[in-house]
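Just below is one structure, and these are the notes that go with it.
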Amino acid sequence: MHTLNLGILAHVDAGKTSLTERLLHAAGVIDTVGSVDDGSTQTDTLALERQRGITIKSAVVSFPVDGVTVNLIDTPGHPDFIAEVERVLGVLDGAVLVVSAVEGVQAQTRILMRALRRLRIPTLVFVNKTDRAGARHEGVLAEIAERLSPAVVAMGAPEYLGTRRAGTRQFTEADPAFVTALTDLLTTHDDDLLAAWAEDGEHIPYGLLRTALAAQTRQALVHPVYVGSAATGAGIAELTAGITRLLPVTGQDPGGPASGTVFKVERGPAGEKIAYARMFSGTVRTRERVRLRGDGDEEPREGKISAITVFDGGTDVRGPSLPAGRIGRLRGLHAVRTGDRIGEPAGAPAGAHFAPPTLETVVTPLRREDSGALHLALGQLAEQDPLIGVRTDAVRQEVSLSLYGEVQKEVIQATLADEYGIDVGFRETTTICLERPAGTGAAVEFIDKEPNPFLATVGLRVDPAEFGSGVEFRREVELGSMPFSLMRAVEDTVLETLAQGIHGWRVTDCTVTMTHSGYWPRQSHAHAVFDKSMSSTAGDFRNLTPLVLMDALRRAGTTVYEPMHRFRAEIPADAFGPLVPALARLRAVPGAPVTHGRVCVLEGEVPAARVHELQQLLPGLTRGEGVLETAFEHYRPVEGAVPHRSRTDNDPLNRKEYLLRTLRRVGAGGGNQA
């Protein structure tokens with residue numbers, strides 16, 4: 001069976017969901033094309049999606065085309081829901097990137113294309129809304145070549161552009177300009193084709209060009225551009241043909257070792273978990289036990305599949321198995337999490353394709369009695385979206401969430417109210433910073449020596465590492481110098497403790513080395529049971545490690561970094577003067593302006609914390625004519641007052657309070673247990 005797992009991606013409002021509807025209609029899956037405005041589309045099934053007219057959760061629908069089963073995944077276009085797109089990218093065979101003929105290439109379009117090119121996902125571009133007033137063709141093609149990829153070729157041209165009569169004329173070998181453009185593009189990536197062109201007197205058979213176009217598209221070297229209108233159906237037949245002829249349609253071996261990826265988890269009516277999975281090889285079956293492993297998991301989890309539904313013919317049907325190449329829903333996997341790999345891993349774990357959330361807010365229940373239910377509900381939402389970083393402050397009885405933007409906050413609020421019956425409020429959104437060690441620091445505490453109250457010796461050294469390298473744990477002590485469980489307790493605690501540095505932010509880009517270790521072996525009184533007061537346990541090491549690590553980190557010192565966004569503003573040339581002082585107030589760093597006639601293009605960097613303010617200021621400073629694009633770029637050292645974040649742990653920076661809280665907890669728990 002030949003399958004194609006296809007993603008539809010776009011900036012919000014480019015017509016992505018409308019295109020999905022039109023493709024389903026063309027395939028005969030639905031009789032009537034749904035409307036985003038009316039809330040009648042196949043893939044936007046959430047009440048919130050229908051109310052807002054935007055896609056919030058990725059959705060899957062399947063349809064047959066020319067003997068190929070296309071599993072189409074409609075993804076969110078709003079940047080606040082980029083995490084949904086993040087998870088989908090890993091299961092795609094190909095993609096269609098939608099660009100509006102009116103608005104052209106937008107901020108999210110560029111972010112998506114960068115990810116698609118980085119992952120080498122074969123991609124077609126569809127210029128939509130050619131029937132709308134203000135639609136452009138040559139200008140949008142120039143934007144695509146300049147701002148998305150120069151390796152593009154137009155496969156057709158619109159007719160009656162900007163009217164309801166808008167149609168599409170597909171280019172053929174009878175179009176000399178098209179053949180020339182195709183030849184110029186394809187010979188850039190194919191030396192054999194270039195040699196054939198040189199030998200044949202600047203002529204290559206059109207059939208050979210089409211074959212090379214398909215090959216290079218499947219290698220993500222070139223990106224054919226189609227034009228049309230999802231609203232009227234113009235250009236849809238040509239796009240559908242391009243999907244099956246130019247994107248990688250392959251048969252898969254269902255008899256190999258089972259290997260798949262869970263890209264989405266949702267809850268059923270009874271609260272049960274439903275996992276959306278794509279199988280890359282092998283087959284999983286009902287009542288079969290499967291292994292699940294997420295990034296960072298040392299040991300796999302297991303689960304038993306109780307039911308399987310496979311997407312087919314516009315719906316999902318109950319089946320006994322999910323074979324390679326297909327996408328389906330798996331029930332019964334109680335321990336499953338978004339991002340889990342099923343069975344044998346297919347290659348290395350996928351890294352992050354987009355920037356992490358840079359905003360944070362505290363969520364509070366409006367009714368105090370809902371506190372417990374809120375913690376449970378947020379835990380379930382975090383299972384579905386791992387980038388919702390839930391931080392619980394037991395001291396202040398507060399819960400913080402990581403976010404991409406204000407719209408995401410509103411959606412979480414509505415979801416908690418509609419699905420869980422919990423009304424919540426939010427505090428002001430703040431920026432999430434990072435800490436990096438400024439130098440090297442070391443500390444050690446020895447067993448049975450003041451002021452160490454724990455039966456453990458731990459020595460740690462913190463060294464700065466390269467930007468973007470994360471955290472690495474090393475040992476300068478022999479692995480056999482004490483039991484592995486105690487070594488592991490130190491390593492795990494180091495990683496947990498670095499979630500909050502000297503100023504309360506996550507510490508990254510460092511190497512932590514264990515320089516000293518020591519323990520008391522298991523001892524007992526004569527003719528008596530094990531005496532934990534005479535023997536070291538993992539608890540001793542877990543309790544001592546934060547004190548030693550934070551002491552070492554304090555000696556190393558840390559620098560706080562804030563997230564920065566790159567901005568691109570297109571403004572009237574005469575608005576440049578008033579905009580400059582506003583940018584200075586926002587601590588933005590603009591580059592040199594580039595003027596094209598009456599339009600000025602200004603690029604630069606602005607702190608993530610001030611992006612929303614810049615978005616609000618721009619219309620007033622440019623008479624409503626300014627267009628702003630922003631996207632996360634990097635982290636830079638904070639200038640001026642260093643921001644602090646309140647701690648949610650037992651605060652190992654305050655030794656007295658830490659020992660009081662820790663020893664009280666140990667005593668309440670019945671002692672230092674491993």
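Bear in mind that the values here come from a model prediction, so they are computed numbers and not experimental data. Values below: all heavy atoms of this structure, side chains included; hydrogens, waters and symmetry mates excluded.
- Taking OG1 of T361 as the reference point, atom NZ of K409 lies at 4.5 Å (rounded to 0.5 Å).
- Between F126 and V99 the shortest side-chain heavy-atom distance does not fall below 4.5 Å.
- Not counting sequence neighbours, R132 has no partner by the salt bridge (charged side-chain N to carboxylate O under 4.0 Å, His left out) test.
- Here the closest heavy-atom approach between residue S400 and residue V362 is recorded as OG-CG2, 3.5 Å.
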Would you give me the side-chain donor-acceptor pairs under 3.5 Å for residues 137-146, sequence neighbours excluded?
from : atom 1 : to   : atom 2 : distance (Å)
E143 : OE1    : V105 : N      : 2.9
E143 : OE2    : R136 : NH1    : 3.0
E143 : OE2    : R136 : NH2    : 3.2

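- The side-chain heavy atoms of L434 and V560, taken from C-beta on, include no pair separated by under 4.5 Å.
- No donor-acceptor distance shorter than 3.5 angstrom exists from the side chain of W505 to the backbone of Y561, with no hydrogens or angles considered.
- Two residues are said to be in side-chain contact when any heavy atoms from C-beta on lie closer than 4.5 Å; H11 and K16 fail this criterion.
- When atom types are taken as modelled, the side chain of S100 and the backbone of V102 share a donor-acceptor pair closer than 3.5 angstrom.
- A donor-acceptor pair under 3.5 Å is formed between the side chain of Q413 and the backbone N or O of V424.
- To the nearest 0.5 angstrom, L19 atom CG is 10.0 Å from S229 atom OG.
- In this structure, the side chains of L460 and T515 stay at 4.5 Å or more apart for every pair of heavy atoms.
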TODO: Evaluate the criterion side-chain contact (heavy atoms from CB on, under 4.5 Å) for residue pair L618 and L579; output intermediate values, then yes/no.
DONE: CA-CA 8 Å; L618 193 67; L579 181 60; 4.0 Å; yes

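- At least one donor-acceptor pair under 3.5 Å links the side chain of R647 to the backbone N or O of G501.
- The salt bridge (charged side-chain N to carboxylate O under 4.0 Å, His left out) search around E613 returns R610, not counting sequence neighbours.
- When atom types are taken as modelled, the side chain of D509 and the backbone of R436 share no donor-acceptor pair closer than 3.5 angstrom.
- Listed for the T20 side chain is no donor-acceptor partner under 3.5 Å among the backbone atoms of S18.
- For the residue pair G15 and A230, the shortest heavy atom distance occurs at O-CB, 4.4 Å.
- The residues E476 and R474 are annotated as not salt-bridged, no charged nitrogen and carboxylate oxygen being separated by less than 4.0 angstrom.
- The shortest non-hydrogen separation linking D651 to Y658 is O-CB, 3.5 Å.
- Of all heavy-atom pairs between L547 and P652, the closest is CD2-O, 3.6 Å.
- Test R636, H634, H565 against E605 for side-chain hydrogen bond (donor to acceptor under 3.5 Å, both in side chains) and you get one pass: H634.
- Closest approach of D93 to P122, counting heavy atoms only: O-CD, 3.4 Å.
- To the nearest 0.5 Å, atom OG1 of residue T559 and atom CD1 of residue I502 are 11.5 Å apart.
- Across Y635 and P563, no two heavy atoms sit closer than the pair CD2-N, 3.4 Å.
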Open item on the list: For a side-chain contact (heavy atoms from CB on, under 4.5 Å) check, start with the C-alpha distance between H223 and L124, then their side-chain angles and the critical distance, and finish with the verdict.
Closed with: CA-CA 5 Å; H223 308 288; L124 308 181; over 6 Å; no

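- With hydrogens and angles ignored, the 3.5 Å screen pairs a side-chain donor or acceptor of T188 with a backbone N or O of D184.
- Put simply, the side chain of L89 reaches to within 4.5 Å of the side chain of L9, judged on heavy atoms.
- A distance-only check finds no donor-acceptor pair linking the side chain of D423 to the backbone of L366 [under 3.5 Å].
- By the 4.5 Å heavy-atom criterion applied to side chains, Y226 and V125 are not counted as neighbours.
- The shortest side-chain heavy-atom distance between T497 and M550 falls under the 4.5 Å cut-off.
- Side-chain atoms of E466 and S469 include no donor-acceptor pair closer than 3.5 Å.
- With sequence neighbours left out, the salt bridge (charged side-chain N to carboxylate O under 4.0 Å, His left out) criterion links R655 to E445.
- No donor-acceptor pair closer than 3.5 Å links the side chain of T511 to the backbone N or O of D463.
- By the ring pair (Phe, Tyr, Trp, His ring centres under 6.0 Å) test, F576 pairs with no residue at all, sequence neighbours left out.
- Proximity of D340 to F263: side-chain heavy atoms (C-beta onward) are nowhere separated by under 4.5 Å.
- Put simply, the side chain of R337 never gets that close to the backbone of G294: no donor and acceptor are under 3.5 Å apart.
- Remark: D551 CG to R555 CZ distance equals 4.0 Å, nearest 0.5 Å.
- Defined by atom type and a distance below 3.5 Å, a donor-acceptor pair is present between the side-chain atoms of Q500 and T648.
- At a cut-off of 3.5 Å, with distance as the only test, no side-chain donor of T338 or K264 sits close to an acceptor on the other residue.
- Of the inter-residue distances, the one linking R568 atom CZ with R110 atom CZ reads 6.0 Å to the nearest 0.5 angstrom.
- Distance CG/L602 to CD/E570: 11.0 Å, rounded to 0.5 Å.
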- [ ] Would you sort out whether K129 and D13 count as a salt bridge (charged side-chain N to carboxylate O under 4.0 Å, His left out), showing the intermediate values?
- [x] CA-CA 10 Å; K129 299 187 178 181; D13 289 336; over 6 Å; no

Please tabulate, for the side chains in residues 585-595, all donor-acceptor contacts under 3.5 angstrom to protein atoms that are two or more places apart in sequence or on a different chain.
from : atom 1 : to   : atom 2 : distance (Å)
R587 : NH1    : E562 : OE2    : 2.9
R587 : NH2    : E562 : OE1    : 3.3

